[in-house]
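Just below is one structure, and these are the notes that go with it.
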Amino acid sequence: MADNVYDAIVIGSGISGGWAAKELCEKGLKTIMLERGRNIEHVKGYVNANKEAWDYPHRGRRTQEMIKEYPVLKRDYPLNETNLDYWANDQDSPYTEIKPFDWFRGYHVGGRSLMWGRQSYRWSDHDFEANARDGHGVDWPVRYKEIAPWYDYAEKFAGISGNRDGLDILPDGQFMPPMDMTCVEKDFSTRMKDLFKGSRHVIIGRTANITEPLEGRTNCQFRNKCWLGCPFGAYFSTQSSTLPAAMKTGNLTVRPWAIVTKILYDKDKKRAIGVEVLDAETNKTYTYNAKIIFLNASTFNSAWVLMNSATDIWPDGLGSSSGELGHNVMDHHLGVGAGGTVEGFEDKYYYGRRANGIYIPQFRNVGQDKRDYVRGFGYQGGGGRAGYMRSPEEISLGIDLKEALSEPGPWSLHIGGFGETLPYHENKVTLDKTRKDKWGLNILAMDIEYKDNEKKMRLDMKNDAIEMLTSAGVKNVKGYEGNGTLGRGIHEMGSARMGKDPKTSVLNKWNQVWDAPNVFVTDGSFMVSASCVNPSLSYMAFTARAADHAVSELKKGNI
């Protein structure tokens, strides 16, 4: 476009950014999508997608050098040899931890849509009503009925496989045929239904892996290499789904290596007029102008952009007039569960490497169940047989070892809890003006923790897991509990919550910044509470809804 002028700007290219670009382009708007990192092309860019462990110098594992260079990534599974370049560099992009927080980021076209876990669940009214019910945070300005059609829309395009289970706590959706459970999972599901009289359910995970061809994408091949990029396009990502749709319109421009440093605000028009961009390769500054801006840089980076914007009018940034910008940060607390071995299925196996597992929806604080804490948790897990990577007892060398490893090992079953964290106002991100990143930009400081409510919940998360597995006949059941540091769920939410009142929220019910109604924020920033289910499907639905509203308001001349 001439002079860098577009109808719309999308900041970020992950799950919500890709959706924003698709929707705006399909509605006829000339759109530029700004991504702070490098480009990764679909298929061509997935350089490790067909490799096995033996194809890597260190069998795909981490090295001592990697541990030294990536002090944050080393805290959990992201640090490995297979897709290290998909994760943001800790040294180039540091952050300050007032309290421990694990921030795992992807700075490239597609963002974490290339690495996400793909579990995709609708929220129910139990979730949307939670804040109003127990008085934590502010009330959601929407309810399930209003979002349900947009869940339909998102599921049909993204491709979600799953079973229609008829559960109020976990609404059914527009699903492709579900993946199958293993025999031990089916047995566990049946036993749970009988033991708990229908109050607890074990279902197959609802995942953004397609089981039938969809829009040029090939169904899942059961390789379980999703985090390397899928050359079949079998799981939803920006590259496989929303980007091709947006490009097909001829309305999209993609600009990688573009760090948006601020949104430009016209105080007379009370509107945003564009963005300022720092070229990540040349350090040159550019300006892009547009009528509509969608901010989808990921939860904390979106808060960072807002904090850096319109500071001559609001010292704490665009959208800060309520005093809520940067506050009410949430993530799911993990690291609690149980596992054990299963007997009686030694003559059975399963097909392929299923990129999915089982799910146990929330059953605490549901209906008549009342605990000494509010909200609840679900479980994700699975049952399978040990393979060649195991270490058979008392056999360590030679032909006996090879023969032992040629047969599958014992069956096991494990479940891990995903707990809801309350939207505490004091859980926040702020600008650390004493430290800068590689590009000379102030970094974020994290002051986030889980509190007594979550600690009480974690006791049930562990004990209930042990109880269910033991009751179902699982042997050698052992519970576990890690430190639960927030961030490891990689479900950052909050920092620019929506609401009914501009005095207590950053965004209105349409994801518009109260202080600049032509700026829309539809990544995890807008979340008002966390539920205990994975949030990405909600980001898709709310983004599509916001884009529809934005174009409607633009045509009416309201923004």
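Judged by distance alone, the side chain of N131 and the main-chain N or O of D139 form no donor-acceptor pair under 3.5 Å.
The side-chain contact (heavy atoms from CB on, under 4.5 Å) test applied to K555 returns V551, not counting sequence neighbours. Partners of Y265 according to the ring-ring contact (aromatic ring centres under 6.0 Å, His included) rule, which considers only residues two or more places apart in sequence or in another chain, are W314. Residues meeting the salt bridge (Lys or Arg N to Asp or Glu O under 4.0 Å) test with R488, sequence neighbours left out: D102.
Between the side chains of D548 and Y153, no donor N or O sits under 3.5 Å from an acceptor N or O. A donor-acceptor contact closer than 3.5 angstrom links the side chains of N50 and R223. Using modelled atom types and a 3.5 Å distance limit, the side chains of T96 and R435 yield a donor-acceptor pair. For the residue pair R255 / Y286, no side-chain donor-acceptor distance below 3.5 Å is found, with atom types taken as modelled.
Counting heavy-atom neighbours within 6.0 Å of K262 NZ, excluding the residue itself, gives a total of 12 or less. Around NZ of K270, the count of heavy atoms belonging to other residues, nucleotides or ligands within 6.0 Å does not exceed 12. Within 6.0 Å of the NZ atom in K503, the count of heavy atoms belonging to other residues, nucleotides or ligands does not exceed 12.
Between F520 and F294, the two ring planes are parallel [angle under 30°; tilted spans 30° to 60°]. The aromatic rings of H108 and Y86 sit tilted relative to each other, their planes meeting at an angle between 30° and 60°. Using cut-offs of 30° and 60° on the angle between ring planes, the pair F542 and F128 is tilted.
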